[in-house]
Amino acid sequence: MSSAAQSPARTYRVRTYGCQMNVHDSERLSGLLEAAGYTAAAEGDDADIVVLNTCAVRENADNRLYGNLGHLRPVKDARPGMQIAVGGCLAQKDRGEIVRRAPWVDVVFGTHNVGSLPALLDRARHNAEAQVEIVESLEVFPSTLPAKRDSAYSGWVSISVGCNNTCTFCIVPALRGKEKDRRPGEILAEVQALVDQGVLEVTLLGQNVNSYGSDFGDRGAFADLLRATGRIEGLERVRFTSPHPAMFTDDVIAAMAETPAVCHQLHMPLQSGSDDVLKRMRRAYRQERYLGIIDRVRAAMPDAAITTDIIVGFPGETEEDFQQTLEVVRRARFASAFTFQYSKRPGTPAAEMDGQLPKEVVQERYLRLTALQDEISWDENRELVGRRVELLVAAGEGSKDAARGRLSGRARDGRLVHFTAAGGVRPGDVVETVVTQAAPHHLVADGPLLSHRRTRAGDASEAGTRPTTPGVSLGMPQVGVPAPLPVLSSGC
């Protein structure tokens with residue numbers, strides 16, 4: 001009989017739905033599975049373990065999950081020993097209902113116990129029955145868990161989890177819990193670990209990233225963290241998402257403007273331009289405060305690209321309310337906007353509000369909003385034609401580029417640029433070029449490259465290797481004010 005050491009490793013695949021938090025959680029899930037001896041399934045091959053990391057925020061999330069589970073059932077029937085696991089926000093919400101509706105699922109785990117996945121898979125195999133484990137609060141901070149990163153050149157770094165707000169359209173606080181902040185030194189250690197493996201860009205993640213520090217009573221912690229992160233030698237770009245307008249302070253604007261590595265890009269969710277709607281949404285800011293932030297950002301950083309989120313058709317939204325949203329869009333001149341038609345989310349206060357709007361009204365307003373924003377985005381992008389841009393070459397950002405002899409990259413302000421590729425340019429390298437054409441959602445640079453810098457991230461991309469982080473903190477965040485942020489120099 002073959003020993004376990006001689007048996008081929010079981011393979012896995014993680015499918016991710018929803019926000020950047022879920023994308024980063026999936027990196028943790030991959031790291032956990034690899035630490036437990038699993039290997040990633042080759043592209044096109046069926047996997048022994050399929051993990052669905054779900055979202056409860058997006059429209060029709062439930063239907064999408066159960067549709068995907070239905071497609072997986074015959075695959076599992078034909079593959080003895082295959083296991084299916086469901087995690088993420090929808091698992092936290094639906095719990096045992098998932099196994100009731102899809103009894104071929106082996107494991108259900110919640111947002112607070114990601115680290116339990118390998119043990120739950122083992123237990124399900126041993127007991128030959130589904131395992132459902134949902135805990136009500138964070139067991140360990142996600143940074144304690146290993147992660148296999150998706151990108152050789154850009155990395156997510158979670159600075160907090162959970163949310164203390166009570167927006168009436170959002171179910172996230174109920175599923176992710178109250179905000180918990182990491183210690184600054186732990187965050188910087190994770191960033192340093194990524195940079196040591198060639199990563200050039202990090203994005204600091206939090207449900208409300210600029211409220212960082214509320215857990216240990218330091219209102220200036222986020223601005224200090226931006227400055228300290230930007231001082232790490234070898235790190236070329238720092239981004240963050242998503243801030244909340246109610247907590248956005250001028251020290252953050254100063255940190256962005258004065259720290260060369262911090263990109264002049266700001267994603268600032270608006271949701272609505274109407275003060276009445278913002279009040280019903282329980283958003284703790286109003287139109288003039290929001291526009292005041294935009295004005296101060298542009299005064300400090302005239303080249304800043306500002307993007308946003310907008311919900312159309314919130315319960316009770318009148319035509320006048322909607323006109324207020326259009327007016328803010330005209331005044332703010334966003335580089336782009338993620339626009340959503342409101343739809344009920346079970347478990348949210350807004351789902352029970354009076355004044356739910358007919359679908360056709362919401363659709364008509366949505367089309368007017370997107371037409372206006374596309375016009376503004378195109379106008380703003382036309383202003384960049386003829387301008388020199390530095391691009392971090394990306395992988396998979398432009399599906400049609402290869403046929404046109406182009407690659408894609410992100411400018412420092414976050415804009416997507418498709419450029420004519422010279423030989424030897426790889427994802428993770430840095431190039432400079434001149435914008436020759438504009439479209440609403442991207443730029444084109446069809447001239448010769450002005451420069452091309454090969455990087456360690458490009459070497460890793462070419463070799464097919466990805467950074468890994470083993471987990472850089474121990475247990476939950478400590479109580480009390482942390483030690484001051486270290487001054488990092490010479491890569492130490």
Side-chain angles (χ1 to χ4, degrees), residues 1-18 22 25-41 45-56 61-140 142 144-146 148 171 174-177 346-347:
M1 186 175 185
S2 300
S3 68
Q6 296 171 317
S7 301
R10 291 171 63 82
T11 60
Y12 74 90
R13 177 169 290 114
V14 180
R15 299 182 184 176
T16 309
Y17 308 95
N22 268 19
D25 282 349
S26 290
E27 292 182 330
R28 301 277 180 206
L29 292 169
S30 296
L32 282 162
L33 290 170
E34 299 217 349
Y38 299 88
T39 61
D45 289 354
D46 290 331
D48 298 312
I49 310 293
V50 175
V51 184
L52 305 183
N53 190 11
T54 65
C55 172
D62 300 60
N63 292 339
R64 188 174 188 184
L65 169 63
Y66 293 109
N68 285 323
L69 289 175
H71 292 141
L72 284 172
R73 184 175 189 174
V75 178
K76 182 177 181 180
D77 289 344
R79 191 179 179 87
M82 178 182 171
Q83 290 182 292
I84 300 171
V86 179
C89 288
L90 198 57
Q92 187 77 23
K93 181 174 78 73
D94 284 3
R95 307 180 178 223
E97 175 69 8
I98 292 173
V99 172
R100 189 190 69 78
R101 291 182 60 177
W104 55 94
V105 169
D106 300 276
V107 169
V108 178
F109 63 100
T111 59
H112 301 309
N113 59 319
V114 167
S116 301
L117 176 59
L120 292 170
L121 290 168
D122 288 344
R123 197 186 309 161
R125 277 196 299 271
H126 180 271
N127 296 345
E129 65 179 12
Q131 302 296 307
V132 178
E133 184 175 290
I134 308 289
V135 298
E136 298 302 326
S137 60
L138 203 63
E139 291 184 326
V140 294
T144 64
L145 306 175
K148 179 186 178 184
I171 198 170
L175 303 179
R176 292 275 182 178

Answer yes or no: is there a side-chain heavy-atom contact under 4.5 Å between [X] and [Y]?
{"X": "Asp94", "Y": "Tyr66", "answer": "yes"}
{"X": "Tyr38", "Y": "Ile49", "answer": "yes"}
{"X": "Val108", "Y": "Arg95", "answer": "no"}

key: Main-chain N/O of Leu121 paired to Gln83 side chain as donor or acceptor, under 3.5 Å   =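 Side chain of Gln83 to backbone of Leu121: a pair is present.
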
key: Gln92 side-chain N/O to Thr111 backbone N/O, donor-acceptor pair under 3.5 Å   =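 Yes; judged by distance alone, with no hydrogens or angles, the pair exists.
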
task = May I have the step-by-step check of side-chain contact (heavy atoms from CB on, under 4.5 Å) for Leu72 and Arg15, ending in yes or no?
result = CA-CA 12 Å; Leu72 284 172; Arg15 299 182 184 176; 3.8 Å; yes

key: Summary of side chain to side chain donor-acceptor pair (under 3.5 Å) pairs that have at least one residue in residues 69-78, sequence neighbours excluded   =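 Applying side chain to side chain donor-acceptor pair (under 3.5 Å) to every pair that reaches into residues 69-78, excluding sequence neighbours, yields Lys76-Asp106.
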
ask   = Do Thr11 and Asp48 have a side chain donor and acceptor closer than 3.5 Å?
value = yes

Where [X] and [Y] come nearest, the two heavy atoms and their spacing:
{"X": "Ala40", "Y": "Tyr12", "result": "N-CE2, 3.2 Å"}
{"X": "Val135", "Y": "His112", "result": "O-CD2, 3.2 Å"}
{"X": "Pro146", "Y": "Ala35", "result": "CG-CB, 4.3 Å"}
{"X": "Ala41", "Y": "Asp46", "result": "CB-O, 4.3 Å"}
{"X": "Gly81", "Y": "Arg10", "result": "O-NH2, 3.0 Å"}
{"X": "Leu117", "Y": "Ala85", "result": "CD1-CB, 3.8 Å"}

request  = Kindly indicate whether a cation-pi arrangement holds for Arg64 with Tyr17, taking the cut-offs as under 6.0 Å to the six-membered ring centre and within 45° of the axis.
outcome  =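 Negative - Arg64 is either too far from the ring of Tyr17 or too far off its axis.
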
For the atom pair [atom1] ([X]) and [atom2] ([Y]), what is the distance rounded to the nearest 0.5 Å?
{"X": "Gln131", "Y": "His126", "atom1": "CD", "atom2": "NE2", "result": "11.0 Å"}
{"X": "Arg13", "Y": "Ser26", "atom1": "CZ", "atom2": "OG", "result": "13.0 Å"}
{"X": "Ile98", "Y": "Ile84", "atom1": "CD1", "atom2": "CD1", "result": "12.0 Å"}
{"X": "Asp122", "Y": "Ser116", "atom1": "CG", "atom2": "OG", "result": "12.0 Å"}

query = Mind checking what makes salt bridge (charged side-chain N to carboxylate O under 4.0 Å, His left out) contact with Glu129, not counting sequence neighbours?
reply =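 Result, salt bridge (charged side-chain N to carboxylate O under 4.0 Å, His left out) vs Glu129: none returned.
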
inquiry  = Could you walk me through whether Val86 and Val51 satisfy the side-chain contact (heavy atoms from CB on, under 4.5 Å) test, starting with their C-alpha distance in whole Å, then the side-chain angles of each, then the deciding distance to 0.1 Å, before giving a yes or no?
reply    = CA-CA 6 Å; Val86 179; Val51 184; over 6 Å; no

request  = Under the side-chain hydrogen bond (donor to acceptor under 3.5 Å, both in side chains) rule, collect the residues that match up with Asn22, sequence neighbours excluded.
outcome  = Arg176

inquiry  = Checking Leu29 against Glu27 for the side-chain contact (heavy atoms from CB on, under 4.5 Å) test, could you report, in this order, the C-alpha distance in whole Å, the side-chain angles of both residues, the deciding distance, and whether it holds?
reply    = CA-CA 5 Å; Leu29 292 169; Glu27 292 182 330; over 6 Å; no

key: Steps toward side-chain contact (heavy atoms from CB on, under 4.5 Å) verdict (Glu34, Thr39)   = CA-CA 6 Å; Glu34 299 217 349; Thr39 61; 5.5 Å; no

request  = Give the C-alpha distance, both sets of side-chain angles, the deciding distance and a yes or no for side chain to side chain donor-acceptor pair (under 3.5 Å) between Asn53 and Thr16.
outcome  = CA-CA 5 Å; Asn53 190 11; Thr16 309; 4.9 Å; no

key: Electrostatic pair Arg28:Asp25 at N-O distance under 4.0 angstrom   = no

